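So the structure is just underneath, and the comments pick up after that.
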Amino acid sequence: MTAQGQSGSKRSIIQFATDEFYCVEEDGMVEVTVVRIASGTDLDFVETVDFVTQSGSAVSGTHFQEAKGSVVFGFGEYSQKVRGVINTS
């Protein structure tokens, strides 16, 4: 599962905490950590990034449920979790 997003600000870099995430199909979900990289007073602002899942090695609708939404980082926040639903056989 991959996701893409765009921050509306130039104050922060928003990215996945790691390049790869692993899950077990039987768990029924995967949790992905999204981080905001900023320094000093840049954490004094609210940042929002939109995301959408896309098919890769896993196929949307077959292996996981498509998802889209927004991740909001509040004042001083630098880490958020996004959950995805995994389809079990």
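Given the structure is predicted, the values throughout are model-derived calculations rather than measurements.
- The shortest distance between side-chain heavy atoms of T62 and N87 does not fall below 4.5 Å.
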Name every donor-acceptor pair, under 3.5 Å, that has one atom in a side chain of residues 22-30 and the other anywhere in the protein, sequence neighbours excluded.
| unit_1 | atom_1 | unit_2 | atom_2 | d |
| --- | --- | --- | --- | --- |
| Y22 | OH | E20 | OE1 | 2.6 |
| E25 | OE2 | S89 | N | 2.8 |
| E25 | OE2 | S89 | OG | 2.7 |

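- Both F21 and V82 belong to a common hydrophobic cluster when Ile, Leu, Val, Met, Phe, Trp and Tyr are linked at side-chain heavy-atom distances under 4.5 angstrom.
- Each of T53, V85, V59 was compared with F64 under the side chain to side chain contact (heavy atoms under 4.5 Å, CB included) criterion, and only T53 meets it.
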Give every donor-acceptor pair under 3.5 Å between a side-chain atom in residues 69-80 and any protein atom, sequence neighbours left out.
| unit_1 | atom_1 | unit_2 | atom_2 | d |
| --- | --- | --- | --- | --- |
| S70 | OG | D50 | OD1 | 2.5 |
| E77 | OE1 | G74 | N | 2.5 |
| E77 | OE1 | Q80 | NE2 | 3.0 |
| Q80 | NE2 | V72 | O | 3.2 |

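- Partners of T33 under the side-chain hydrogen bond (donor to acceptor under 3.5 Å, both in side chains) rule, at least two apart in sequence or in another chain, are K81.
- Not one N or O on the side chain of S60 forms a donor-acceptor pair closer than 3.5 Å with the backbone of S55.
- Side-chain contact check for V49 versus R36: every heavy-atom pair is 4.5 Å or farther apart.
- Looking at residues two or more places apart in sequence or on another chain, you find a side-chain hydrogen bond (donor to acceptor under 3.5 Å, both in side chains) between E31 and R83.
- Residues meeting the side-chain hydrogen bond (donor to acceptor under 3.5 Å, both in side chains) test with Q15, sequence neighbours left out: none.
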